[in-house]
Amino acid sequence: MPDTPFEPRIVGFLCNWCSYAGANLAGTSRIQYEPNIRIIRVPCSGRVDPLFVARAFQEGADGVMVLGCHPGDCHYRDGNYYARRRFNLMHGFLDFLGIDERRLKIDWVSAAEGKRFAQVVSQFTDQVRDLGPATVRQPAVLGG
């Protein structure tokens, strides 16, 4: 059996109003990017619960992206600010789970930035590929 190179599994939580539309623009414009991302459309980046991220890693994701509207352009006014604060704290939680914080990326992509979407996805995929497969520390079972 030949050795196959590692290809990361990436989950992307994309804001419906900006980042998802940017991904759609990249697709309709036929802009090439790494095919490793599996997109989950959410109403707003501020609605992405950190438990969703933890679950993605638990289910085998090697990297997770949360992409939303640029600060100041949120369809729901403050959602991306909530997301930014929440995921700054999330990096410490990842350390507790034994996950390298470089496996989580939060960024901003507008509906008109199809090319930027492709660049962000491709750069993050390369970064996760260099890190290798993710391993998640399983929680200890109390009481046997």
Side-chain angles (χ1 to χ4, degrees), residues 1-140:
M1 183 183 280
D3 288 330
T4 57
F6 166 68
E7 284 300 326
R9 292 172 47 179
I10 297 175
V11 174
F13 294 98
L14 276 58
C15 157
N16 178 61
W17 302 101
C18 287
S19 301
Y20 188 82
N24 192 38
L25 178 61
T28 57
S29 301
R30 298 185 185 265
I31 299 170
Q32 297 290 314
Y33 60 91
E34 296 284 346
N36 303 64
I37 189 169
R38 301 300 178 261
I39 295 173
I40 299 172
R41 181 168 53 173
V42 295
C44 176
S45 59
R47 298 290 298 162
V48 178
D49 190 310
L51 292 176
F52 297 167
V53 173
R55 183 66 183 257
F57 283 116
Q58 183 182 24
E59 294 294 326
D62 297 302
V64 175
M65 301 180 79
V66 178
L67 302 179
C69 303
H70 287 278
D73 287 338
C74 179
H75 187 77
Y76 298 104
R77 203 179 83 184
D78 297 327
N80 47 15
Y81 292 116
Y82 292 127
R84 183 171 54 187
R85 279 191 301 246
R86 183 179 291 140
F87 286 97
N88 282 336
L89 296 172
M90 181 70 182
H91 286 281
F93 182 63
L94 290 177
D95 183 48
F96 175 75
L97 295 174
I99 299 169
D100 189 324
E101 70 178 31
R102 294 174 292 177
R103 293 183 182 279
L104 173 63
K105 180 169 187 70
I106 184 165
D107 210 333
W108 319 114
V109 176
S110 78
E113 294 180 315
K115 187 174 182 180
R116 176 165 160 62
F117 172 81
Q119 291 171 338
V120 168
V121 169
S122 294
Q123 289 170 353
F124 184 65
T125 302
D126 289 342
Q127 177 178 324
V128 173
R129 188 178 289 123
D130 291 342
L131 293 171
T135 57
V136 178
R137 187 180 310 147
Q138 295 298 320

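A quick note: this is a predicted structure, and the numbers were derived from the prediction, not measured.
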Legend entry - Heavy-atom closest contact (F93 atom, A54 atom, distance): CE2-CB, 4.3 Å
Please list every donor-acceptor pair under 3.5 Å in which a side-chain atom of residues 98-105 meets a protein atom from a residue at least two apart or in another chain.
residue: D100; atom: OD1; partner: R102; partner atom: N; Å: 2.9
residue: D100; atom: OD1; partner: R102; partner atom: NE; Å: 3.1
residue: D100; atom: OD2; partner: R102; partner atom: NE; Å: 3.1
residue: D100; atom: OD2; partner: R102; partner atom: NH2; Å: 2.5
residue: R103; atom: NH1; partner: D62; partner atom: O; Å: 2.9
residue: R103; atom: NH1; partner: G132; partner atom: O; Å: 3.0
residue: R103; atom: NH2; partner: L131; partner atom: O; Å: 3.4
residue: R103; atom: NH2; partner: G132; partner atom: O; Å: 2.8
residue: R103; atom: NH2; partner: P133; partner atom: O; Å: 3.3

Inset, instruction - Indicate the atoms forming the closest heavy-atom contact of D49 with L51, along with that distance. - result: OD1-N, 2.7 Å
Output a table of donor-acceptor pairs, distance under 3.5 Å, between side-chain atoms of residues 37-48 and any protein atom two or more places apart or on a different chain; print 'none' if there are none.
residue: R38; atom: NH1; partner: P35; partner atom: O; Å: 2.8
residue: R41; atom: NH1; partner: N16; partner atom: OD1; Å: 3.3

Legend entry - Residues, nucleotides or ligands: over 12 heavy atoms within 6.0 Å of E59 CD: yes
Legend entry - Which atom of F117 lies closest to which atom of S19, heavy atoms considered: CD1-O, 4.3 Å
Inset, instruction - May I ask you to decide if L25's main-chain N or O and T28's side chain share a donor-acceptor pair within less than 3.5 Å? - result: yes
Legend entry - E34 and D126, any side-chain heavy atoms less than 4.5 Å apart: yes
Inset, instruction - Looking only at non-hydrogen atoms, find the nearest pair between V128 and P8 and report the distance. - result: CG1-CB, 3.5 Å
Inset, instruction - Would you indicate whether the side-chain heavy atoms of M65 and V120 approach each other to under 4.5 Å? - result: yes
Legend entry - Heavy atoms of other groups near F13 CZ, more than 12 under 6.0 Å: yes
Inset, instruction - Quick one: sort the H75 and W17 rings into parallel, tilted or perpendicular, breaks at 30° and 60°. - result: parallel
Inset, instruction - Evaluate side-chain contact (heavy atoms from CB on, under 4.5 Å) for D73 paired with W108, printing each intermediate quantity in order. - result: CA-CA 10 Å; D73 287 338; W108 319 114; over 6 Å; no
I'd like a table of donor-acceptor pairs (distance under 3.5 Å, sequence neighbours excluded) in which one partner is a side-chain atom from residues 77-84, with atom names and distances.
residue: N80; atom: ND2; partner: C69; partner atom: O; Å: 2.9
residue: N80; atom: ND2; partner: H70; partner atom: O; Å: 2.8
residue: Y81; atom: OH; partner: G72; partner atom: N; Å: 3.2

Inset, instruction - Take D107 and R116 through the test side-chain contact (heavy atoms from CB on, under 4.5 Å) and record every step on the way to the result. - result: CA-CA 11 Å; D107 210 333; R116 176 165 160 62; 2.6 Å; yes
Legend entry - Interatomic distance, R129 atom CZ to N36 atom CG [nearest 0.5 angstrom]: 5.5 Å
